[in-house]
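Residue numbers start from 1 in every chain, and the chains themselves are labelled A, B, ... in the order their sequence lines are given, proteins ahead of strands.
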Number of protein chains: 2
Amino acid sequence: MFTKVLVAEDYEIANQGIIKVIQEGLGIQNIHESKYCDDAYLKFRKAFQENEPFELLITDLSFKEDHKVQIRTSGIDLIQDIRKIQPNINVIVYSQESRPDKINMLFQKLDINGYVCKGQNAVRELVSCVQGVFRGDTVLPPEVTEASTDNIVNLDDFDIMLLEELSQGLTKKEIVQKLKKLKITPNSESTIDKKLSKLFDDFKAKNTTHLVAIVKDLGLL
Amino acid sequence: MFTKVLVAEDYEIANQGIIKVIQEGLGIQNIHESKYCDDAYLKFRKAFQENEPFELLITDLSFKEDHKVQIRTSGIDLIQDIRKIQPNINVIVYSQESRPDKINMLFQKLDINGYVCKGQNAVRELVSCVQGVFRGDTVLPPEVTEASTDNIVNLDDFDIMLLEELSQGLTKKEIVQKLKKLKITPNSESTIDKKLSKLFDDFKAKNTTHLVAIVKDLGLL
DNA sequence: GAAGTCCTTACGGATTTCCGTAATCGAAGG
DNA sequence: CCTTCGATTACGGAAATCCGTAAGGACTTC
C-alpha cells in the first residue's frame, strides 16, 4: 500500500475525515494535510527535493478564497504544477462535482488516477479507490460508470466561451466585436446564432437566459 | 463537557471528520453517528426512552436523496421532531449555508444553539461552538456576526418567483399569463419590467441572462 | 383638501433575440 | 473533375427585451 500521502482539502473537517478513513481503513500512517493549494505544492516540492516524495495526492478541486492570497486557486492548478515536478504521481480527486462530463474531463485532460464524489458512500469509495489506484487501475466513480454515454452534451472551448460571455451579459454583437478584436474565428453573428441554436437543442433550452441557467445548474460554468 | 453526542450528516467523510474533531479536541467519547434523518431520529428516541438521552445533536441541514425512502428529508425536520421529544436538547447545525439571513432564520425559527459553516476553519469553530453551547451560550458563526448588513440585496418572494420563472426560460408575456391565471398581483408586463429593472440595478446586471447568472452564482436560486 | 410618495399600469421605440432561407468556401471521396 | 458535406457567413422578419415617459390609484403628511 502507499506509505506517504498528501491530502489537500480546504475544509478542515473533510480533511480530518479523509485522514481518519485512510488511516483506519488502509493502515496508512504517513499522511500530510494542506488547506491551501500553494502550501500543498510547497510540501510536495520539499518532499521531492529531499528524496522522500509523496506517492499519492488526494485533492479537492475548489478551494475557497480567503485572506491568504494564493497563486493556485484550484485543485486543477495544483495537479498540473505537481505533475511538472513528478509526472508519475498518483492523483485522486475528491470533490463535490458529480457531472459525468466534468469528471471525464479530469481524466482526459489531467490524467488523474481516481475520482471520488463527496457523498454518502464516500468512505467505501475512497478506500476502494485508493486500493485500485495502488494496483495501477484508473478508478472512475459510479456516477460516471453508471451514467452511460447517453445524455451527455459535449461542449468545445468555443461553446464554453460563448456561454461564459453570455452569462456575463454580453450581447451577441458585443461578442462578435470581442472575437474580431481577438482575431478568433468564427466571428460572425450568424455563426454564433447557429452555435447557440445547437446549444438550445442540446440542452432543451427555450432562450439564452434559460440556457445559461441550465448550464450553471449543471456546474459547467 | 457533553458526554453523549449524536452526529447526523449524510456525507460519510464529513461525518468521520466531525467525530474525529470532537473526540480529539474535546475528549468526548460517546459519539453516535447517522447518515439519515430518520435513523438519527430513531436513535434519539430510543436513547431517550431508555433514559440515556443524548445531550447534543450536531446535524447537517441537507441530506441527499438516495434509494432509502425517508420521512424526514432535511435537518430542519429532524430538529423539529427531536425537539418534540426532548425540547431542551442542544442543537448545533453544521452546514454549507453561509447566507446570514438563512442562518438567522435557524436561530429564530428553530431556536438552535449554535451554527458552524462547513469551511476552512470549521475545526476550531466547531470546537469552540460545542464549548460555548455547553456553557449555555448561543453561538453565531463569524459569517453572521461579521456580515454587516451592507451589500446585501433583499429579495422578496415576488422577486424570487420572477427570477425562478426567468431562469426556466419563460418570457415576460408568459409570466404575465401565469400570474393572471394564478390571480397573483401585480401582473402587468409593465410592472414586471419595472421590478426587473430594479433587480438589474441591484445586482449590476446588464440584461436578464446576466442577472440570472449572477443570482445563480450567489446561490439565491 | 393639497402635495408628495409609492406602486401599478399603459404605451412607444430602439435594440436584441431567435429562427428561418440561402449563398459561399474548403475538405473529402469517388 | 465533380459532387457532397459541413462550417461559415449574409440577410430578413416576427417576437422579445430594455428603457424611457406618463397617467391613475392608494396612502401618508401637513
Side-chain angles (χ1 to χ4, degrees), chain A residues 149 152-218 220-221, chain B residues 149 152-218 220-221:
Chain A
T149 50
I152 291 183
V153 180
N154 238 347
L155 301 179
D156 59 25
D157 292 343
F158 194 87
D159 292 327
I160 296 284
M161 161 184 333
L162 256 187
L163 292 167
E164 195 72 54
E165 307 285 11
L166 287 173
S167 77
Q168 286 170 18
L170 298 199
T171 67
K172 276 181 286 195
K173 280 198 202 337
E174 289 170 330
I175 294 176
V176 167
Q177 287 172 6
K178 191 164 180 176
L179 289 177
K180 288 190 172 161
K181 185 170 286 182
L182 295 174
K183 308 222 186 279
I184 297 174
T185 54
N187 57 27
S188 74
E189 200 174 333
S190 174
T191 302
I192 293 179
D193 255 3
K194 280 269 187 301
K195 301 247 182 211
L196 264 192
S197 288
K198 182 161 182 342
L199 290 177
F200 287 163
D201 288 347
D202 288 345
F203 289 102
K204 308 200 180 0
K206 298 176 187 167
N207 52 42
T208 310
T209 303
H210 193 196
L211 176 64
V212 167
I214 291 172
V215 174
K216 285 270 181 201
D217 279 344
L218 292 177
L220 300 177
L221 271 193
Chain B
T149 48
I152 291 182
V153 179
N154 239 347
L155 302 179
D156 60 25
D157 291 345
F158 194 87
D159 291 327
I160 296 284
M161 165 191 321
L162 256 186
L163 292 168
E164 194 70 55
E165 307 286 11
L166 286 173
S167 78
Q168 287 171 17
L170 298 199
T171 67
K172 277 182 285 197
K173 280 194 183 30
E174 288 170 331
I175 295 176
V176 167
Q177 288 172 6
K178 191 164 182 177
L179 289 177
K180 288 189 172 161
K181 185 170 286 179
L182 295 175
K183 306 222 187 275
I184 297 175
T185 55
N187 57 28
S188 74
E189 200 175 334
S190 173
T191 301
I192 292 180
D193 253 3
K194 279 272 185 299
K195 301 245 181 212
L196 263 192
S197 288
K198 182 161 181 343
L199 290 177
F200 287 164
D201 289 347
D202 288 346
F203 289 101
K204 306 193 181 6
K206 297 176 187 165
N207 52 43
T208 310
T209 303
H210 193 196
L211 176 63
V212 167
I214 291 172
V215 173
K216 285 270 180 200
D217 279 344
L218 291 176
L220 300 177
L221 270 194

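Of all non-hydrogen atoms in B:Phe203 and B:Ile214, the two that sit nearest each other are O-CD1, 3.4 Å.
For D:dC18, neither phosphate oxygen OP1 nor OP2 lies less than 4.0 angstrom from any side-chain nitrogen or oxygen of B:Lys194.
For the pair A:Leu196 and A:Leu211, the minimum side-chain heavy-atom distance is below 4.5 Å. Counting heavy atoms from C-beta outward, B:Leu170 and A:Lys206 have side chains that approach closer than 4.5 Å. Using a 4.5 Å cut-off on side-chain heavy atoms (C-beta onward), A:Gln168 and A:Glu164 make contact. In this structure, the side chains of B:Asn187 and B:Leu182 stay at 4.5 Å or more apart for every pair of heavy atoms. Counting heavy atoms from C-beta outward, B:Pro186 and B:Ser188 have side chains that stay 4.5 Å or more apart. In this structure, A:Asp159 and A:Asp156 have side chains that are in contact, with non-hydrogen atoms separated by less than 4.5 Å. A 4.5 Å side-chain heavy-atom check between B:Leu155 and B:Leu199 finds at least one atom pair inside the cut-off.
When the local axes at the two ends of the helix from C:dG1-D:dC30 to C:dG30-D:dC1 are compared, using 5 base pairs at each end, they differ in direction by 20° after rounding to 10°.
Contacts of B:Lys195 with the nucleic acid, taken as non-hydrogen atoms under 4.0 Å apart, involve only primed sugar atoms and P, OP1 or OP2.
Between B:Leu162 atom CG and C:dT8 atom P there is a gap of 11 Å when expressed in whole angstrom units. The distance from atom CZ of B:Phe200 to atom P of D:dT17 is 10 Å, rounded to the nearest whole Å. Atoms CD1 (B:Ile192) and P (D:dC18) sit 13 Å apart, rounded to a whole Å. Between the CG atom of A:Asp193 and the P atom of D:dA10 there is a distance of 12 Å, given to the nearest Å.
DNA chain C lies under 4.0 Å from at least one heavy atom of each of the following residues of residues 204-212 of chain A: A:Asn207, A:Thr208. The stretch residues 167-190 of chain A touches DNA chain C through A:Thr171, A:Lys172, A:Lys173, each having a heavy atom within less than 4.0 Å of the strand.
Tested against A:Glu165, the residues A:Lys173, A:Lys195, A:Lys178, A:Lys172 include a single salt bridge (charged side-chain N to carboxylate O under 4.0 Å, His left out) partner, A:Lys178.
Using a 4.0 Å cut-off between a side-chain N of Lys or Arg and a carboxylate O of Asp or Glu, A:Asp217 and B:Lys216 qualify as a salt bridge.
Heavy-atom contacts from other residues, nucleotides or ligands closer than 6.0 Å to CG of A:Asp157 number 12 or fewer.
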